[in-house]
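Before any comments, here is the structure.
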Protein chains: 2
Amino acid sequence: MPVANEGQDELSLLVVQKYGGSSVAAPEKIKNVASRIKRRLEAENSKMAVVVSAMGKTTDGLIALAKEVSPAPPAREMDMLLATGEQVSAALLAMALRDLGVSAISRNAFQLGIETSETHSDARIQDIDLSLLRRSFRDNNVVVITGFQGVTPEGDLTTLGRGGSDTSAVAVAAKAVSTGIDAVCEIYSDVPGIFTCDPNKVPGARKLDYITYEEMLELASLGAKVLHMRSVELARKYGVTLYCASTFSEERGTYVVKKLPEWLESPVVTGVTAARNQMKFVVKRLPEDGDVLPGIFHALALAGVNLDMISTANDGGMSFLTFTALDGDAQTVTRAVSDYMNDNGLTGWALETGGPVTKVSAVGDGMNAATGVAGRVFSALRSRRISVMGISTSDINISILVENERADEAVAALAEEFELTER
Amino acid sequence: MPVANEGQDELSLLVVQKYGGSSVAAPEKIKNVASRIKRRLEAENSKMAVVVSAMGKTTDGLIALAKEVSPAPPAREMDMLLATGEQVSAALLAMALRDLGVSAISRNAFQLGIETSETHSDARIQDIDLSLLRRSFRDNNVVVITGFQGVTPEGDLTTLGRGGSDTSAVAVAAKAVSTGIDAVCEIYSDVPGIFTCDPNKVPGARKLDYITYEEMLELASLGAKVLHMRSVELARKYGVTLYCASTFSEERGTYVVKKLPEWLESPVVTGVTAARNQMKFVVKRLPEDGDVLPGIFHALALAGVNLDMISTANDGGMSFLTFTALDGDAQTVTRAVSDYMNDNGLTGWALETGGPVTKVSAVGDGMNAATGVAGRVFSALRSRRISVMGISTSDINISILVENERADEAVAALAEEFELTER
């Protein structure tokens with residue numbers, strides 16, 4: 001990305017903020033956001049790019065309207081329709097800011113040259129024309145940006161998929177950082193930050209001050225309500241510090257960073273999360289033929305099944321393949337595996353299905369340096385008589401499978417073991 | 001406007017249609033419009049540009065939302081907000097057309113290069129990039145265009161003022177005509193055409209098959225519900241034939257043309273209209289000084305008053321000035337005239353106010369060639385004992401002032417005299 005020269009002096013510090021749909025769901029809430037922005041400007045002499053989502057349930061309403069007109073609306077027109085939602089909230093927030101005496105202007109995807117791929121309803125941002133943003137800042141301290149949308153090189157409107165406004169915000173910050181501007185990205189929602197465990201399930205779950213990009217990506221299910229995962233990947237790629245906090249309080253939120261601050265001792269485990277309704281599959285007695293496993297994986301990929309926790313074992317010249325998939329994919333898995341076996345004249349194999357089960361994951365950058373983590377996980381669960389039905393590990397993650405009914409207990413056991421709750 | 005070469009062969013006949021807010025007010029109505037377009041395409045092998053307004057009361061709803069956020073929202077942000085309304089209906093109509101198997105695509109002001117002046121909320125169209133429209137027709141028979149809006153050369157969204165979608169439609173047709181394309185412009189609404197008199201006031205008012213641009217402009221109040229007057233001016237300038245008809249029936253509508261077809265005998269009077277709540281002012285005993293009248297007109301213009309039916313008379317070295325203005329401007333007129341007189345040390349004058357009165361106008365291209373029209377107007381009114389309190393005439397128009405309470409009778413008398421009603 002080339003460095004723009006024009007107006008360089010005007011933009012050395014950029015605060016990018018993003019407010020989600022619930023933060024701008026009504027005129028009063030939009031005015032609240034405007035007041036927050038004004039206070040922030042008064043405290044810090046920076047320019048601010050504020051990315052907004054559509055108001056409340058606007059997007060759902062527009063989708064329902066489209067379905068009334070056509071049972072299968074073309075994605076291109078759907079994007080044209082949905083993109084209006086963010087334009088409404090951007091214009092309204094700019095009005096509210098002006099009303100408070102803040103110099104602000106709204107800008108949509110055309111006006112900022114937010115260029116994306118052509119995959120309607122799930123487009124990827126390819127570039128942002130920073131010179132257009134700089135120009136918008138000449139007479140304004142705040143530029144309110146329509147999140148969730150972009151334009152193709154041909155000039156068609158696109159949307160980035162659900163939650164895409166986070167990605168819009170990170171992309172603006174990333175583009176700024178890549179041209180030497182000091183930029184941070186703050187994501188405001190109705191959730192006050194990232195917690196060690198789901199606070200609705202684990203009493204005393206603690207809000208984290210810091211979490212690394214890697215941990216955040218592994219803990220997707222904890223952060224899903226707060227952060228769009230693609231935005232975390234983008235932030236990691238460009239080294240943009242993310243900050244997640246509540247729109248409705250002044251409570252301190254969570255920073256998502258590359259490395260924890262040095263003064264902060266890395267906990268072994270940062271968070272524990274649970275992904276429910278998985279199914280465990282074991283394909284038994286496969287010939288030890290190098291083509292068979294890739295063939296099965298290919299057949300399952302074609303069938304649209306995402307596999308997880310894959311492991312293999314050999315015994316007496318036969319292979320065993322174990323993996324998990326979503327409960328709802330069980331029939332598809334069975335059919336795809338059977339078809340592959342029959343098409344290739346394989347016999348003597350068997351497919352065993354178990355579940356539904358829950359994948360409980362403990363994640364922490366500190367796991368790297370710690371020893372005995374797996375032992376502690378097993379001990380904590382055994383002391384509560386929770387059976388472990390499968391396990392997989394990575395550098396910063398240990399995941400185990402437990403029965404659905406014992407999942408909450410398993411999370412609580414690990415939270416206690418790794419001191420993730422308030423005393 | 002330069003002739004585009006690109007794809008010339010693809011676009012030799014263009015039907016421009018415009019559907020107003022009530023025509024697209026709900027999903028069912030949008031589907032009805034889509035069916036009409038499909039039938040038209042099947043009947044005639046042309047390309048179609050379909051300009052749409054926002055659905056039903058959408059614009060009013062957005063304005064109300066803005067007022068909740070800011071008591072005086074900036075016009076620039078208001079345009080950003082309101083422009084979303086037409087984008088929603090354009091996307092939905094494109095979906096409905098696709099659903100019927102019609103190749104259609106929606107296009108907003110950015111995507112068609114609809115360039116306007118920078119006067120937010122009342123912008124003027126300056127150019128349309130026809131090459132972008134031609135390109136949109138390559139893979140599509142119908143291009144659905146967001147009415148009411150444009151973009152400035154700087155890329156700001158603008159709106160054209162209430163009813164501006166008519167102007168959008170005529171501008172597309174005018175641009176096409178100016179590059180040698182055979183284009184017509186059809187305006188569909190919930191009104192089936194232009195009538196000789198207001199059908200709600202005059203029983204038997206007749207729908208006209210044809211009316212000239214000039215008559216239409218003079219009869220603004222008859223056509224206001226059907227046609228945006230700026231669109232008529234634009235159609236006249238570029239010689240675009242307009243056709244107004246109902247979205248909800250197959251009933252024949254009204255053509256607005258440069259000249260009536262030769263086989264059609266021009267009626268002396270084409271239509272009669274009434275503008276209520278005018279006030280009549282007489283400034284008496286002004287010195288015959290060349291500066292005084294211009295001075296009074298300037299003072300009234302500064303005060304924002306629109307004058308009508310101006311006439312002057314001289315008597316014994318003194319001038320008399322008569323004019324009308326809207327009832328609601330009466331106090332402003334009195335103050336502006338008094339201030340001017342006092343500021344210029346003028347004495348001996350008097351201001352007389354009469355009314356409220358109604359201006360009844362009879363309009364017809366045929367008036368030009370006819371004699372005795374004023375006589376027929378006076379006779380028709382005298383036979384019903386309706387007093388004429390003022391008169392003004394032009395080539396194709398005769399306007400008289402009557403008491404508000406007698407206005408409907410006066411219109412009926414003229415309609416009868418000039419045979420404007422069904423027998």
Side-chain angles (χ1 to χ4, degrees), chain A residues 24 26-31 34 54-55 58 61-62 64-100 104-113 132 135-136 144 146 151 154-157, chain B residues 24 26-31 34 54-55 58 61-62 64-100 104-113 132 135-136 144 146 151 154-157:
Chain A
V24 294
E28 278 315 308
K29 292 190 170 177
I30 290 173
K31 288 161 93 164
M55 293 172 74
T58 302
L62 290 171
L65 199 55
K67 298 276 179 199
E68 281 188 72
V69 166
S70 165
R76 191 259 172 209
E77 298 301 337
M78 204 67 184
D79 283 356
M80 188 83 168
L81 179 71
L82 297 185
T84 61
E86 284 72 24
Q87 190 164 317
V88 166
S89 38
L92 291 173
L93 180 55
M95 289 176 190
L97 284 163
R98 288 259 170 192
D99 202 47
L100 296 179
I105 193 166
S106 66
R107 289 281 189 236
N108 66 19
F110 285 100
Q111 293 167 335
L112 285 182
L132 294 171
R135 202 180 299 161
S136 308
V144 184
T146 53
V151 280
E154 285 288 295
D156 272 338
L157 273 167
Chain B
V24 293
E28 278 315 309
K29 291 188 171 179
I30 290 172
K31 289 162 93 165
M55 293 172 75
T58 302
L62 290 171
L65 199 54
K67 297 277 178 197
E68 281 188 71
V69 166
S70 165
R76 192 260 173 208
E77 298 301 336
M78 203 66 183
D79 282 356
M80 188 83 169
L81 179 70
L82 296 185
T84 61
E86 283 72 23
Q87 191 165 316
V88 167
S89 37
L92 291 173
L93 180 54
M95 290 176 190
L97 284 163
R98 288 259 170 192
D99 203 46
L100 297 180
I105 193 166
S106 66
R107 289 280 189 239
N108 66 18
F110 284 100
Q111 293 167 335
L112 285 182
L132 295 171
R135 203 179 300 160
S136 308
V144 184
T146 53
V151 280
E154 285 289 295
D156 273 339
L157 273 166

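For the numbers below, each heavy atom of this structure counts, side chains included, while hydrogens, waters and symmetry mates do not. Since this is a predicted model, take the numbers as computed values, not measurements.
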Quick one: what part of [X] sits under 4.5 Å from any heavy atom of chain A, side chain, backbone, both or neither?
X	result
B/Asp79	neither
B/Ile105	both
B/Ala104	backbone
B/Leu157	both

Interface residue of largest heavy-atom contact number with chain B, from [options], under 4.5 Å:
options	value
A/Asn108, A/Val144, A/Leu100	A/Asn108
A/Leu62, A/Leu65, A/Ile30, A/Leu93	A/Leu65
A/Pro71, A/Gly85, A/Ala26, A/Ala72	A/Pro71

Query raised in the report: Between B/Met80 and A/Arg107, what is the shortest heavy-atom contact and its length?
Result: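 It is CE-C, 3.8 Å.
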Query raised in the report: Pairs in or reaching into residues 65-77 of chain A: which pass side chain to side chain donor-acceptor pair (under 3.5 Å), with residues at least two apart or in two chains?
Result: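 Non-adjacent pairs meeting side chain to side chain donor-acceptor pair (under 3.5 Å): A/Ser70-B/Asp99, A/Arg76-A/Asp156, A/Arg76-B/Ser106, A/Glu77-B/Ser106.
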Query raised in the report: Checking side chain to side chain contact (heavy atoms under 4.5 Å, CB included) for the pair B/Val151/A/Gln111: CA distance, chi angles, key distance, verdict?
Result: CA-CA 10 Å; B/Val151 280; A/Gln111 293 167 335; 5.9 Å; no
Query raised in the report: Among all residues two or more places apart in sequence or in another chain, which pass the side chain to side chain contact (heavy atoms under 4.5 Å, CB included) test with A/Ala66?
Result: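 If we apply the side chain to side chain contact (heavy atoms under 4.5 Å, CB included) test to A/Ala66, skipping adjacent residues, the hits are A/Pro73, A/Met78, A/Leu81, B/Leu92, B/Met95.
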